[in-house]
Structures are given as structure tokens and as C-alpha cells.
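Working notes, beginning with the structure itself.
Both counts, for ligands and for their atoms, begin at 1 and track the order of listing. We're numbering straight along the sequence, starting at 1.
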Amino acid sequence: MTFTTRFAPSPTGPLHLGHAYSALLAHDMAREVGGKFLLRIDDLDQSRARPEWEQKIYDDLTWLGLSWDGPVRRQSEHLGEYATALAHLRDLGLTFECTCSRRDIIAASNAPQEGAPLFGPDGRIYPGTCRAQNHPEKSATCTRLNIQRAAELGLPASFQETGPKYAGSYPLTADDLIQTIGDVVLGRRNMTASYHLSVVLDDVATGVTQVIRGEDLFEATRIHVLLQSLLNVPTPSYHHHSLIRDPQGKRLAKRDDARALSKYRNEGATPADIRNFVGL
Ligand code: GLU
């Protein structure tokens, strides 16, 4: 199988040094073994995606000297695929419709009988309020995975991590899934699919064998691997890298325009300087 990896930025702001690191690392790892480096535009959230940011992604990557294989995949062009997969999980009885607001979730998970609230990759673990309620799809704000049912299936699921910090094999256990993932959101009324469902489907559709991304997504990997198992699709291997931080140790964010790649470029930095800054 050809080593295939991808860089998947969201066109919601300028690429910064952290993105440059992720893209350069994935590109170099693919080129070293004669593999493929794909580019995907994660523009599922159309309320935040902007064509001008997408154009800037192409400009910045080209300036860095990166080339990608094949056509760019845009999430907004694949909503039908996400809806089909969501309908399939619904048909398997693995989802439920949820009407809870953020405030409802906080109130329910703070109830004394619940014990201390648990937190997962998406924040508070959903306390299960709507799980047994059978709300019609129309009245719900989102569709959630029924983690109890998913865990009961006892699917064989584990993933291999090759990033130096987390290297190893990670099996998923039912208890672990219930405690650390909970009933995660798979679909939203206004967005078809959640981030978790869409990235899993995108990686399968594009034949990704190796996901290379920042360690901020390490915890979410269990959700992705569980979904791969439920959808009966292959699990790629994962490589989570450290995040580039500012001198105060804070992770870079899109709003930190000060660290935007274009700013370094306008100030005369070269692509080699950028490689240097990020330690490559
Ligand atoms: N689009 C995601 C981000 O910008 C990355 C998705 C992924 O690597 O799975 O954080």
C-alpha cells in the first residue's frame, strides 16, 4: 500500500508556523518513502470558511515549496457522503437525536447524582439525557453516537501511533469509550456531519494510510478509530507531533496573526528560515 498522508487545514484564518510544521513534516515523510502527500480543505463549517483564506493556503504552501498529489478535496463538496454514512449508523441503531443546549448539558452533568463531570476531547462528556427519548430528527439540534450501544458491540478496535511522544499500540476498551468519549456528536442540523465523522470518511475516501497531525487531536483519535470500526473501514496509523508554541509557551492559534506565515514572508524570511524556525 502506498504511504499516503494529508494536510487538512480549515480555511478560517491565516496559516501560522504550527501549520507550516505540520505540512512540511507530512510532506517530507511522504516524499522520503515515495508516498503521496494530499491536500484537503476542511471547510465543513461554511459559516467560518472563506475563499480568500483557501487561496492563501495554496499561496503559502506553494511558497514553502510544497506540492501535493492529485486534486484538492474540499469537505463542502462531499456532504452527501457524510449524510449517507450518518444514515447508515442511524439504521444500525447506533445514534440518537439530541435536543439539549449547552446549558442543558452543563446542568445535567452537574446534577449531584452524576458525580464529578467527566471531560473528553469535545469537552464535557454528554450525560445521556436524550439517549432513551426517541426525539424526531426534525426537532433535534444534533445526532449523537449512542456510546453504550457502540461499546456493547465489543468491536475489535485499536490503533498504532508512531509519533515519538506517544508511540505504541492503543486498544479501545468499552469502559474507556464510555468514560472518555461519551455520546459524541456525529451530525449537526446546520452542518450535516461533525468534524469527527467527516475526517474519518475523508481519510477513507482518499486512501490515507498515515494521519500526521498535531497532538491536540491525539485524544480525538479514539473517536475516529471507533467510527472506523463501526463503519467497517480501515484504520490508518497515526503520528501526532508536538505543537509549535510561542515564546510564552502558548500554542499558536489562527487569531495570532503575528505568527502568520505571510507575515514572516513579507518581512523577508525564506522557506529555509521557516524550516529552521520549526526545527526541521
Ligand atoms: N482540519 C483539522 C484542523 O485544522 C485537522 C483535521 C485532522 O487532521 O484530522 O485542525
Per-atom filter on ligand 1: closer than 4.0 angstrom to a heavy atom of Asp42 are 1 (N), 2 (C), 5 (C), 6 (C)
Quick note on ligand 1: atoms under 4.0 Å from a heavy atom of Arg6 include exactly 7 (C), 8 (O), 9 (O)
Numbered in order shown, the ligand 1 atoms found under 4.0 Å of a heavy atom of Ala8 are 1 (N), 2 (C), 3 (C), 4 (O), 5 (C)
- Query: Would Val204 end up clustered with Val211 when hydrophobic side chains under 4.5 Å apart are linked, directly or stepwise?
  - Reply: yes
Inset, instruction - Using only heavy-atom distances, determine whether the side chains of Thr221 and Arg213 contain a donor-acceptor pair under 3.5 Å. - result: yes
Next item on the list: Indicate if Tyr126 and Leu145 have the same hydrophobic cluster label, given that clusters are the connected sets of ILVMFWY residues with side-chain heavy-atom separations under 4.5 angstrom.
Entry: no
Note: heavy atom closest to atom 9 (O) of ligand 1, options Arg213, His19, His224, belongs to Arg213
Taking the six-membered ring for Trp, are Tyr166 and Phe218 parallel (under 30°), tilted (30 to 60°) or perpendicular (over 60°)?
parallel
Q) Which word best sums up how the rings of Tyr238 and Phe159 line up, parallel for under 30°, tilted for 30 to 60°, or perpendicular for over 60°? A) perpendicular
Quick note on ligand 1: atoms under 4.0 Å from a heavy atom of Ser10 include exactly 1 (N), 4 (O)
